[in-house]
Amino acid sequence: MLDLSAGLNPQQQQALTAGLGPVLVLAGPGSGKTRVLTHRIAYLIRELGVPPYHILAVTFTNKAAREMAERVEKVLGERPRGLSLGTFHSICARLLRTEAAALPFNENFVIYDSDDQQGLVRNALKELNIDPKMHSPHSVHNRISQAKNELQLPEDLPINNYRDEVVSRVYQRYQQMLLAANALDFDDLLLWTARLLEDNVEVRSKYAQRFQHVLVDEFQDTNQAQYSLLKHLASFHNNIYVVGDTDQSIYRWRGADYRNVLRFEKDYPDAQVILLEQNYRSTQRILDAAMAVIDRNPHRTRKQLFSDRGAGEKIQVHMTLNEQEAGRHIVEQIATAIAQGQARPGDFAIMYRVNAQSRLLEEAFLHANLPYKLVGAQRFYGRREVKDVLCYLRLAFNPDDEASLNRVINVPPRRIGLKSQAALRNLAIQQKTTPGRLLMRLGADPQDALFTPIPNLARGAMAPLGARLATWTTLAAEAEPMKLMDRILADIDYHGYLLADAGEEEGEDRWDNVQELRRLAAEYGGRTIADFLENIALVSDQDTIDETAEVPTLLTLHAAKGLEFPVVFIAGLDDGMLPHSRSFDDPEEMAEERRLFYVGITRARDRLVLVHNAYRNSFGYSEAVEPSRFLDDLPAELVEGGNRARQEHAFRPDRWERPSDRGATILQPQYRPGMNVRHATWGEGMVLNSRIQDDDEVVDIFFQGVGLKKVLAAFANLETVDGEPADKSED
């Protein structure tokens, strides 16, 4: 029998065998928290004799949940039957289906994805005659999502200005439309569960008594709704065991609140607090750099991260002329390392602050004819043909799902026009039902006098769909997902539609995606269509990463959470990008930007390369940019490479001081207005202006055929038109 404490360090053993009651494990990056959490579950079952049925363990991604389940099974030597282990959203969805009798929706609810949610908000704005240009669906939906994360229903939303009033009205209509379609969005899964546990004593008591132990992974990423429901679930036995790291809380924009760790210590003053500080991933220099960055943040419990892997290489800091050159440099570095046998293609990750930064990096890989994988690109489940099939399945499972009906009512084309669809919807409102239910009634009796408001031609097109929908709905209640999918695909001849719509080559490619979805459905043999649709709806970007692909990975710093790579490049380390410009005036935002950089640093095992630019293209012009202020925090003894500008920034007491404020030599411009110069790329131009900015000369030059450019003299290698360099001596 496996010794649960074998191979654990003293801090991990303390976390494993912690006594009953509340426990807070503050786990540094790469400190083996997943191992501790899974061994703790095994410890409860094997050593303390807790039946698996009485244990609840939650995390944030399907990938993490699968890994935890596999590890627990491996440690115990068998699958613990009855153990509730999954993501917050999947656990909540299961609870809501079970307790649907106490809720304003039925157990066969569907979960709307981001596109469905945006579409619903757009429809609500239209119905309420609100200009979407003044109040964009995206921003209104973000505010609704924020309200739900804070456990606010429409009537709870504070009204301080006209925008709040608009959001409140849209939120109210949005919720009405969701309930009418028997649908929930992602935030609803948490909101309704938390409200149910808060308001229904019987349901709360049922689950609080059942779950003798509640264990939580990535606790720093919980929002208010999640914190509330966890407190309710642990309210009877008081055995709540949370593992997290405030330094890795990077999802504030979607409601995560690192202060839940502080709330936990306040709400559970007798909690045991255990630090996990030994890192098994990175070299010591990488950890020292990470600590130097994160130690500037306030309101945190400091951890002294250490590693047995040795000092390792110094952190490489490299300045490039612009983002295009950065992409080329990174690709060259990777190609050289692979060619020399120093690394494999899959060892590399290139990280950046926002998705838009991937374009120039991708171009560099394409130009070099090197393969790569991009995390966060259009997801498989967002592809048109895949979404079509999923909407058919959702409609069969829940005929009230109006969003799915609207998508597929003319896929393949059935010549059901918008006026006919509106007539069907208006009739459904009059009859106090949904268009899907009405459609099935029409399929059963096309001559029913009820449908006279709908034109005969449209009725003739709708009736066969209604009849098939009734058949699919019956099948959805009893058939496995693949069988239902096959029946729908055959009934509508979807393969033939793809070939006719996109041509043979593209049509077959799209059909391959449908077949991939079918293969996934085959894995749900013996399970319900509800399980299949729910798991797909809750898939995250990280769940779709192909870990078997032996190619470099491009991803945002947010998507990098929980991952690790032998070699990490962090690109675009410019002030205004990381930290992002919108964080400059908000201390909380700035602290999160610092945590984001910390997460990126600690993804690296062996080598870390930090890349920043001299200037960036902005609306067709080159704009000089500052290196990220976070680079200033790296101790000089940890860093190698860089450039003169970077090194001066590194030792500057106050980065915003002018050279004259420090008693330094005052630099003089080398280029004068009217001087004719030549650039290797842009050709001849005339200097319009020149100035000293942060110890560098910034020159405004008008190039014929190119226009105005701003360049750094130190990097532009300008020549006067007679072939002589500009005078670089000091006056």
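Nothing fancy with the numbering, it's 1 onward along the sequence. This is a predicted model, so every value here is computed, not measured.
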How close do [X] and [Y] get, counting heavy atoms only, and between which atoms?
X      : Y      : result
Tyr43  : Leu16  : CD2-O, 3.5 Å
Asp113 : Arg394 : N-NH1, 4.4 Å
Arg40  : Leu215 : CG-CD2, 3.6 Å
Ala396 : Ala476 : O-CB, 3.7 Å
Arg414 : Asn410 : N-OD1, 3.2 Å
Arg204 : Glu198 : NH1-O, 3.1 Å

Any non-hydrogen side-chain atom of [X] less than 4.5 Å from a side-chain atom of [Y]?
X      : Y      : value
Val25  : Lys33  : no
Pro412 : Asp493 : no
Asn260 : Gln220 : no
Phe532 : Leu517 : yes
Thr98  : Tyr207 : yes
Val140 : Tyr174 : no
Glu402 : Asn406 : yes
Leu44  : His39  : no

Subject >> Pair Phe397 + Trp472: ring centers closer than 6.0 Å >> reply: no
Do [X] side-chain atoms and [Y] backbone N/O form a donor-acceptor pair below 3.5 Å?
X      : Y      : result
Ser249 : Asp245 : no
Glu480 : Gly526 : yes
Asp187 : Asn149 : no
Thr38  : Thr34  : yes
Asp445 : Leu442 : no
His232 : Ala194 : no
Gln421 : Ile416 : yes
Asn398 : Ala181 : yes
Asn200 : Leu197 : no
Arg46  : Val75  : yes

Original post:
Angle class for the Trp511/Tyr494 ring planes (parallel below 30°, perpendicular above 60°, tilted otherwise)?
Top reply: tilted
Is a side-chain donor-acceptor pair under 3.5 Å present for [Y] with [X]?
X      : Y      : result
Thr471 : Thr474 : no
Thr528 : Asp531 : yes
Tyr251 : Asn223 : no

Original post:
Asn142 and His138: side chain to side chain contact (heavy atoms under 4.5 Å, CB included), yes or no, with the steps?
Top reply: CA-CA 6 Å; Asn142 281 347; His138 179 73; 3.3 Å; yes
Can you confirm whether more than 12 heavy atoms, excluding those of [X], are under 6.0 Å from its [atom1] atom?
X      : atom1 : result
Arg527 : CZ    : yes
Glu107 : CD    : no
Glu202 : CD    : no

salt_bridge([X], [Y]) N-O dist < 4.0 Å:
X      : Y      : result
Glu564 : Arg281 : yes
Arg384 : Glu506 : no
Asp156 : Arg195 : yes
Asp257 : Arg263 : yes
Arg97  : Glu534 : yes

Original post:
Which one of Ile488, Val408, Asp400, Thr473 satisfies the side chain to side chain contact (heavy atoms under 4.5 Å, CB included) criterion with Leu395?
Top reply: Val408
Original post:
In a check of side chain to side chain contact (heavy atoms under 4.5 Å, CB included) between Val216 and each of Leu233, Val58, Val243, which one passes?
Top reply: Val58
Quick one: [atom1] on [X] to [atom2] on [Y], what's the gap to the nearest 0.5 Å?
X      : Y      : atom1 : atom2 : result
His54  : Ile45  : NE2   : CD1   : 11.5 Å
Phe211 : His237 : CZ    : NE2   : 10.5 Å
Arg510 : Arg383 : CZ    : CZ    : 11.5 Å
Tyr227 : Lys231 : OH    : NZ    : 5.0 Å
Gln226 : Ile91  : CD    : CD1   : 12.5 Å
Ile529 : Leu533 : CD1   : CG    : 4.5 Å

Subject >> Option among Phe219, Phe60, Phe186 that satisfies the ring-ring contact (aromatic ring centres under 6.0 Å, His included) test with Phe88 >> reply: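 Looking at Phe219, Phe60, Phe186, the match for Phe88 under the ring-ring contact (aromatic ring centres under 6.0 Å, His included) is Phe60.
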Original post:
Taking the six-membered ring of Tyr53, is NZ or CZ of Arg81 closer than 6.0 Å to its centre and within 45° of its axis?
Top reply: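 No; the conditions do not both hold, so Arg81 does not lie above the ring face of Tyr53.
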